[in-house]
Amino acid sequence: MSHVELAPDHILIIEDEPKIARLVTDYLSSSGFSSHHLDHGDDVLPWLEEQDTLPELVLLDLMLPGTDGLTLCREIRQRWPQLAIIMLTAKVEEIDRLLGLELGADDYICKPFSPREVVARIRAVLRRSRATLHQREPGAKNLLVLDEDGWRALADGQDLGLTAVEFQLLRVMMSAPGRIFTREQLMDHMYRDHRIVSERTVDSHVKKLRRKIADIWQEREVIRSVYGVGYKYQPEE
Ligand code: CA
């Protein structure tokens with residue numbers, strides 16, 4: 001994981017269509033952002049490796065000559081997790097597929113777009129990523145953070161990849177650390193319509209949630225089961 005600093009409001013545009021790149025560059029500049037433009041997929045990783053200060057956000061086109069946007073998104077997410085990524089796609093149907101791949105991009109924008117929309121989305125993503133940034137940095141330890149807008153939970157900055165139900169369960173328990181919730185109470189919080197009525201269902205969701213946390217923290221258990229009663233979130237001993 002890299003310790004490189006981020007340059008605030010600096011955007012890396014990775015786009016092979018010169019017209020689009022110019023349009024976005026100009027609009028960003030008039031909106032108070034600075035940017036750098038690359039038009040070939042193979043140039044991206046070497047360029048990032050060279051930087052002393054990294055762009056805060058990457059605007060990444062999916063279809064590129066050389067290394068494609070999917071590969072780049074995965075590589076950037078893995079090597080520079082503190083960078084926000086917005087992916088650009090040419091087809092709206094692509095977005096569903098991309099979401100399914102769980103690439104870890106912060107947002108997706110479909111072409112054609114207005115530069116105004118792009119800037120608005122960049123601002124929204126930056127607001128969100130700045131709010132969770134200190135937890136994403138290497139060295140921030142033992143922090144479990146909820147990103148309410150993104151329906152994500154981050155353990156030491158790593159996205160746990162929770163389902164909506166798992167996220168809700170965690171949110172309920174984290175709202176009152178140390179408090180024991182019965183399975184029924186958890187169900188009440190999660191399913192307003194009681195679609196799922198079995199207490200076993202709660203157990204199986206909690207089990208998956210705990211496994212996801214254990215993938216990141218092997219030696220630390222924050223969700224405890226209380227025999228015969230239910231569960232609680234207990235970050236400290
Ligand atoms: Ca393209």
Side-chain angles (χ1 to χ4, degrees), residues 1 3 6 56-57 77-78 80-86 99-108 121 123-237:
M1 210 185 261
H3 290 257
L6 298 185
E56 214 179 352
L57 184 143
R77 191 34 84 238
Q78 200 178 350
W80 297 280
Q82 62 272 59
L83 299 198
I85 302 173
I86 296 180
L99 283 171
L101 294 173
E102 298 187 349
L103 295 171
D106 296 275
D107 202 358
Y108 299 86
R121 302 280 275 272
R123 288 215 164 101
V125 166
L126 285 179
R127 243 194 326 271
R128 210 163 85 196
S129 69
R130 282 169 187 164
T132 51
L133 183 63
H134 64 286
Q135 289 93 17
R136 278 202 210 175
E137 279 172 0
K141 277 284 161 208
N142 294 339
L143 273 169
L144 189 59
V145 173
L146 296 181
D147 166 14
E148 298 270 352
D149 290 340
W151 283 63
R152 297 186 308 163
L154 305 162
D156 290 341
Q158 294 185 61
D159 191 344
L160 291 175
L162 301 185
T163 63
V165 171
E166 291 157 5
F167 176 84
Q168 283 176 295
L169 267 173
L170 184 60
R171 183 169 58 186
V172 172
M173 287 189 266
M174 283 181 77
S175 70
R179 178 171 148 200
I180 300 165
F181 290 90
T182 65
R183 290 169 180 80
E184 205 182 337
Q185 285 170 331
L186 290 171
M187 281 175 358
D188 282 347
H189 280 96
M190 286 187 306
Y191 308 105
R192 247 167 265 151
D193 55 357
H194 281 259
R195 271 175 302 147
I196 298 183
V197 288
S198 156
E199 297 197 344
R200 282 229 182 119
T201 313
V202 174
D203 288 338
S204 100
H205 287 303
V206 170
K207 198 170 158 190
K208 284 182 206 146
L209 171 62
R210 292 171 90 180
R211 199 182 300 142
K212 286 178 183 178
I213 296 173
D215 282 345
I216 292 174
W217 291 331
Q218 283 83 15
E219 288 166 10
R220 201 159 162 263
E221 213 170 25
V222 294
I223 307 290
R224 321 262 173 107
S225 68
V226 181
Y227 186 73
V229 188
Y231 298 97
K232 65 176 177 176
Y233 169 73
Q234 183 94 52
E236 309 300 336
E237 282 305 321

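Bear in mind the structure is a predicted one, so any value in this text is a computation, not a measurement. FYI, the numbering just counts along the sequence from 1.
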Exercise: identify the closest heavy-atom pair between [X] and [Y]:
X    : Y    : answer
Q168 : W151 : CG-CZ3, 3.8 Å
L170 : A153 : CD2-CB, 3.6 Å
Q185 : I180 : OE1-O, 3.8 Å
R179 : K232 : O-CB, 3.1 Å
Y233 : M173 : CB-O, 3.5 Å
R152 : F167 : O-CE1, 3.2 Å

Checklist entry - Measuring from L160:CG to W217:CH2, what's the distance to the nearest 0.5 Å? => result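 Reported value, rounded in 0.5 Å steps: 7.5 Å.
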
Item to check | side chain to side chain contact (heavy atoms under 4.5 Å, CB included) assessment of E166 paired with T163 | outcome: CA-CA 5 Å; E166 291 157 5; T163 63; 3.2 Å; yes

Checklist entry - Could R210 and E221 be called an ion pair, given the rule that one side-chain N must be under 4.0 Å from one carboxylate O? => result yes

Checklist entry - Salt-bridged, D106 to R77, with N to O below 4.0 Å? => result yes

Checklist entry - Among V172, D203, T182, which one satisfies side chain to side chain contact (heavy atoms under 4.5 Å, CB included) with Y231? => result D203

Checklist entry - Can you name the one residue among L169, L144, V206 that meets side chain to side chain contact (heavy atoms under 4.5 Å, CB included) with I223? => result V206

